[in-house]
Amino acid sequence: MAYQIDRYSNTLLTSVEDGTVDQTTDLKFIGKNYAGYGEIQNENFLFLLENFSGATAPSRPLSGQIWYDTSVSKLKFYDGTKWRTNGGSEASATQPTGLSIGDFWWDTTNDQLYVYNGTIFILVGPQNAGDGVTQMQSLEVLDTNGTQRNIIAGTVNGETVYLVSSAEFDIGASNTIAGFDRVKKGLTLVNTKLIDDGVTNSTNEADKYYYYWGTAPNSLKLGGVAASQFIQQASGGANTVFTTAVEFPDAGILIGNSQDLQLFIENGTEGVIQNVTGNNSKIKIKNTNGSGTNTHTMDFTSGGLIPAADNTVTLGSTGFKWANVYASNFTGEASQATALRVGTDFRTASSSASNNTVAVRDATGNIAANLFQGTATQARYADLAENYATDQDYPVGTAMAVGGEAEARSANIGDHCIGVISDKPAYLMNSDAEGQAVGLKGRVPVRVSGPISKGQAVYAWKDGVCSTITTNALVGVALETSTEEGEKLVECVLKV
C-alpha cells in the first residue's frame, strides 16, 4: 500500500508506491518491500551530511534546501525560485536578480561592493577602484610628540590632496603623508609646507600649488595683513594704488578736484558726509532702478531732505516701515492715522463708548456713545419710556402696574396698567434713575398669549402677559396678526 510524503508545511509532496523508489526530489524515497534499500538510504544520509556538495546545483530542489557549491566554495539555499548565497555576498560581473533588502553584491568587474535597498543597488565602496583610489578616509596619525591625532584625508586618484583636523600639529616621521608635514586646524591643502611663508615657496614649483576656488564670504588675512586693514582702490591714471594697509585719521578723506565731498569724524565719534563747495550745495542720492537705469532719487540740501522729482519718491514701503516719525507739522494727505488732535489733546478712534476717544463705526456700521447732545431729525426706536424701580427684572414686553416691593410689578386682571417693559426706547426719561425702562407711549413689542389680529385690543391678563380677553386693564392695540396659541411678542400701539 502506497504512503504519502508531506512537507513540513503539511502539504503533500508525493506518494510512494510499494516496491518502488520515488525520485521527486534530490533524495530518494523508498517504498515498502523494496529490495536493496540500504545503499539508497545511506546515500541519502550522505547527501544531507555533505549538503549535496558539488559544482552543479541539485536538479530537483525544494525551497529551503541547502547546497554547498564547490565551484565558489559557498553554502547556498534554494528560495523556491533560485539558489542564493547564504552569507557573504553575491559575486558576479553583472547585477544579480532576486535579492532581498540588505543583501550584498560584489562587482567582480570593478572590484566594488553594493548593498540592495529593495529597489536598487547602492555603492558601499570603494568609490573608485583600480590603480587610483578616490575617497575620504578617517586616519589616525602620530604627531612629532608621539600623540595620536584623528584626521580625515581626501584622496583623488591615489593622491591625498587635503586633510581635515580639529587641531594643529606637525606630522611625525613614523607616519608621513606625501605633501604634508604640518596640519592646520580646519582644512589643510597638500604642499602647504612648514618652510612656505604663505606667499612664495622656492622648493615648490608653481604647478605644485593647490588653491581654493570659488567665493568665500570672508577672509582673515591677505598676504599676512588683516583684512580689516585694506581698502580697495583701482589702479592706473591719477588714482593712488595702495600697496599696504591704510588707516585714515579723523580728518577723513577728500573727494573731487576741488575737494568738494568730505568724509571725516567730528567730535571724536561722529561721522560726517559734507559737500563744502558752492552755494546751496547738495548731496545727490542715485540708485539703479528695476530696469537697470541709474536714477536720481533724492537730495540732501541745506534746507533738508527733498526728492529729486515731485511726487515720485516713497519714504518707506509696505514691507519696511519707519518705526516712528516725529515732526511739528505734516503738510499733505495721510491714508492712516493712529490719533486725531482735538485742541491740545490727541485722541484715538474707538468703536465703543470709551472716554476721550473719537467715535467711529464698528463692523456693522453702528456708532456707540453714552450720550448724544444736539437735535436729531429721525429716531430708530418708537416709544417714550421712563425708568421705574421694579421688584425683579422683567423681560421685554411685560405689562407693568404700580405696586409690589418696588415702584412697579407685573400687571394682572383688574390692575391699572402704566406701561410695558421697553427694549430700546426712542426717548428715555429719568435715564440716570435705577430700574427698568417702562414704555408709556408709542409702539412697543408686547407679550401676548393666544391668537390675535391686527387692530384687536390687548389687555393685561396674568403676570404681565396680555390677551385679547376684555378687562378694565387696557394695554394697547395690535399692529400685526399672529395665529400662534402660545406666548409671543406682538407689536402694539400703547393705550395706557
Side-chain angles (χ1 to χ4, degrees), residues 211-342 346-349 358 360-361 363:
Y211 300 94
Y212 291 103
W213 296 97
T215 301
N218 198 2
S219 179
L220 295 178
K221 291 185 177 182
L222 179 61
V225 180
S228 60
Q229 301 299 312
F230 279 88
I231 64 171
Q232 185 178 5
Q233 176 66 38
S235 61
N239 297 325
T240 302
V241 179
F242 297 101
T243 58
T244 59
V246 176
E247 179 180 297
F248 294 98
D250 283 1
I253 61 175
L254 308 177
I255 302 175
N257 293 333
S258 301
Q259 301 179 354
D260 310 74
L261 186 64
Q262 299 182 358
L263 282 71
F264 59 94
I265 302 298
E266 192 172 72
N267 300 325
T269 58
E270 300 170 359
V272 178
I273 302 176
Q274 178 176 300
N275 188 343
V276 297
T277 302
N279 296 326
N280 296 321
S281 58
K282 58 186 177 183
I283 299 176
K284 292 183 178 181
I285 303 297
K286 293 186 177 183
N287 303 90
T288 302
N289 61 19
S291 60
T293 303
N294 193 277
T295 304
H296 182 192
T297 306
M298 65 183 69
D299 297 327
F300 287 96
T301 71
S302 59
L305 176 65
I306 62 172
D310 183 48
N311 199 28
T312 59
V313 180
T314 300
L315 187 63
S317 67
T318 302
F320 294 92
K321 300 178 177 64
W322 296 96
N324 294 287
V325 178
Y326 295 91
S328 298
N329 184 55
F330 285 97
T331 301
E333 295 180 358
S335 61
Q336 294 179 343
T338 57
L340 179 66
R341 182 172 181 173
V342 181
F346 291 89
R347 299 180 181 178
T348 58
V358 178
V360 296
R361 295 182 180 87

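Predicted model only: the values in this text are computed from it and were never measured.
By the side-chain hydrogen bond (donor to acceptor under 3.5 Å, both in side chains) test, D250 pairs with no residue at all, sequence neighbours left out.
To the nearest 0.5 angstrom, I273 atom CD1 is 12.0 Å from Q262 atom CD. Between atom OG1 of residue T288 and atom CG of residue N294 there is a gap of 5.0 Å, rounded to the nearest 0.5 Å.
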Table please: side-chain donor-acceptor pairs of residues 304-320 below 3.5 Å, with sequence neighbours left out.
{"unit_1": "T312", "atom_1": "OG1", "unit_2": "A309", "atom_2": "O", "d": "3.0"}
{"unit_1": "S317", "atom_1": "OG", "unit_2": "F320", "atom_2": "N", "d": "3.0"}

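Here the shortest heavy-atom pairing between A339 and F346 reads CB-CB, 4.1 Å. When every heavy atom of R347 is checked against every heavy atom of V358, the shortest pair comes out as O-CG2, 3.9 Å. Between N275 and K282, the closest heavy-atom pair is ND2-O, 2.8 Å. The heavy-atom pair separating H296 from K284 by the smallest distance is NE2-CG, 3.6 Å.
A donor-acceptor pair under 3.5 Å is absent between the side-chain atoms of T301 and the main chain of D299, judged by distance alone. In terms of modelled atom types and a separation under 3.5 Å, the side chain of N267 and the main chain of T269 share no donor-acceptor contact.
Residue I283 qualifies as enclosed at atom CD1: its count of foreign heavy atoms under 6.0 Å is above 12.
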